[in-house]
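Scroll down for the structure; my scribbles are underneath it.
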Amino acid sequence: MSQNLARAKALLELKFYLHSTIFGFLLLGLAMAYLQWLGIPGTLNKSVADVATLLITLSMALSGLGYFFNFADRKVIYRKYLGMVGFAFALWHLLLSWSALLNLFKVETWSAGRMWPILTGFIALVVFAVMALISNQFSIRLLGSKLWRAILRFGYIGLLLVVGHVFLLKSARWLTWWQEGMQSPPALSLIVAVVAVLTLVLRLLLWWSLSRRRGR
Ligand code: HEM
């Protein structure tokens, strides 16, 4: 009986991973089509990075969305799977940005103060790696649910670092686009950064609402 239960659980997990992976690749197709339509070079790495950010952002937004809106309740189960697939996309982005990462280990980069755009992405990736590593029942038992939840909250710092990473790399282009009268649709990096900021705001609203309830 318990073997059957374990099998059913494993199959369910597989289904959630499959759904999240298919969703990730659908987003990737849309992102690549959008960037190509805008005529932006380096489509693959940019799209992979944007999808990684969107999946991780959605994974973090689901608790807030589930709290404020009933329609999202049934999707809250996808938090872990969207986060894990998003992390896999972030690793893919890292492989495609290998030369940029290597620059981080050069003295010239640090002496010129040019380490921040990549350092923020690197630390965010380390935060997400820790989250991925402890996203299992064994870690919950080992750490206890209180500490486990506290560690997972660092994900919001990871997301804030991603916003910093994208802002430092892309804000000059966003400014030019704005100063030239927004002749084309916005860059995907700008859309993704706005979605990530809104998710962080949603989280603050959730904290505020929960602490008000507790205070009553
Ligand atoms: C060591 C880790 C990382 C390195 C070396 C890195 C490197 C880069 C580089 C070089 C770019 C510019 C790409 C281009 O303009 O073609 C970029 C953009 C970007 N990165 Fe990262 N990154 C890292 C981590 C991350 C993480 C963890 C995320 C989010 C999960 C992320 C999200 C983004 C996004 C959204 C963009 C903008 C894509 C666009 O222009 O549409 N990066 N990154």
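Whatever order the structure lists ligands and atoms in, that order sets their numbers, starting from 1. Here the structure is a predicted model, which means the values were calculated and not measured.
Of the residues Val85, Leu82, Leu18, the one that meets the side chain to side chain contact (heavy atoms under 4.5 Å, CB included) test with Phe23 is Leu82.
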Notebook entry, point to check: Is there a side chain to side chain contact (heavy atoms under 4.5 Å, CB included) between Val51 and Phe25 once you walk through the steps?
Noted result: CA-CA 8 Å; Val51 172; Phe25 277 96; over 6 Å; no
Verdict with supporting geometry, Met115 and Lys106, side chain to side chain contact (heavy atoms under 4.5 Å, CB included)
CA-CA 9 Å; Met115 66 293 188; Lys106 290 184 183 154; over 6 Å; no
- Run the numbers on Tyr17 and Tyr81 for ring pair (Phe, Tyr, Trp, His ring centres under 6.0 Å), then give the verdict. CA-CA 6 Å; Tyr17 271 119; Tyr81 309 96; 4.9 Å; yes
Side chain to side chain contact (heavy atoms under 4.5 Å, CB included) evaluation trace for Lys46 with Ser189:
CA-CA 8 Å; Lys46 288 185 174 72; Ser189 56; over 6 Å; no
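Proximity of a side-chain donor or acceptor of Ser59 to a complementary backbone N or O of Leu55 within less than 3.5 Å is not detected.
Shown in contact with Ala100 at under 4.0 Å from a heavy atom are these atoms of ligand 1, numbered in order with element: 10 (C). Close contacts of ligand 1 with Leu94, meaning ligand atoms under 4.0 Å from a residue heavy atom, involve 1 (C), 2 (C). Atoms of ligand 1 found under 4.0 Å from any heavy atom of Thr53 (numbered from 1 in listed order, with element): 29 (C), 30 (C), 32 (C), 35 (C). Close contacts between ligand 1 and Val162 involve ligand atoms 29 (C) [criterion: under 4.0 Å to a heavy atom]. Listed by number with element, the atoms of ligand 1 under 4.0 angstrom from any heavy atom of Lys170 are 14 (C), 15 (O), 40 (O). Close approach of ligand 1 to Val166 is summarised as follows: ligand atoms under 4.0 Å from at least one heavy atom of the residue are 34 (C), 35 (C). Atoms of ligand 1 found under 4.0 Å from any heavy atom of Ile118, numbered from 1 in the order shown, are 5 (C), 7 (C). Of all the atoms in ligand 1, the ones that sit under 4.0 Å from a non-hydrogen atom of Phe122 are 1 (C), 2 (C).
Of all protein heavy atoms, the one closest to atom 18 (C) of ligand 1 is Leu169 CD1, 3.6 Å. Among protein heavy atoms, atom 16 (O) of ligand 1 sits closest to Lys46 NZ, 3.1 Å. In terms of protein heavy atoms, atom 25 (C) of ligand 1 is closest to His93 CD2, 3.4 Å. Protein heavy atom closest to atom 36 (C) of ligand 1, with residue, atom name and distance, is Ala49 CB, 3.8 Å.
Between the side chains of Ser47 and Asp50, no donor N or O sits under 3.5 Å from an acceptor N or O. A side-chain donor from one of Asn45 and Ser97 sits under 3.5 Å from a side-chain acceptor of the other.
Close N/O approach between Asp50 and ligand 1 is found [any backbone or side-chain N/O within under 3.5 Å]. Between Asn45 and ligand 1, a contact under 3.5 Å exists for no N or O pair.
Heavy-atom distances between Leu188 and ligand 1 stay at or above 4.0 Å for every pair.
Taking a cutoff of 4.0 Å between a charged side-chain nitrogen and a carboxylate oxygen, Glu108 and Arg114 do not qualify as a salt bridge.
At least one side-chain heavy atom of Met32 sits less than 4.5 Å from a side-chain heavy atom of Leu28.
Within the set Pro41, Ala124, Gly121, the minimum heavy-atom distance to atom 24 (C) of ligand 1 is found for Gly121.
Counting heavy atoms under 4.0 Å from ligand 1, residue Leu104 does not touch it at all.
To the nearest 0.5 Å, the span separating NZ on Lys9 from OG on Ser2 amounts to 11.0 Å.
Looking only at N/O/S atoms, His165 comes nearest to atom 21 (Fe) of ligand 1 through NE2.
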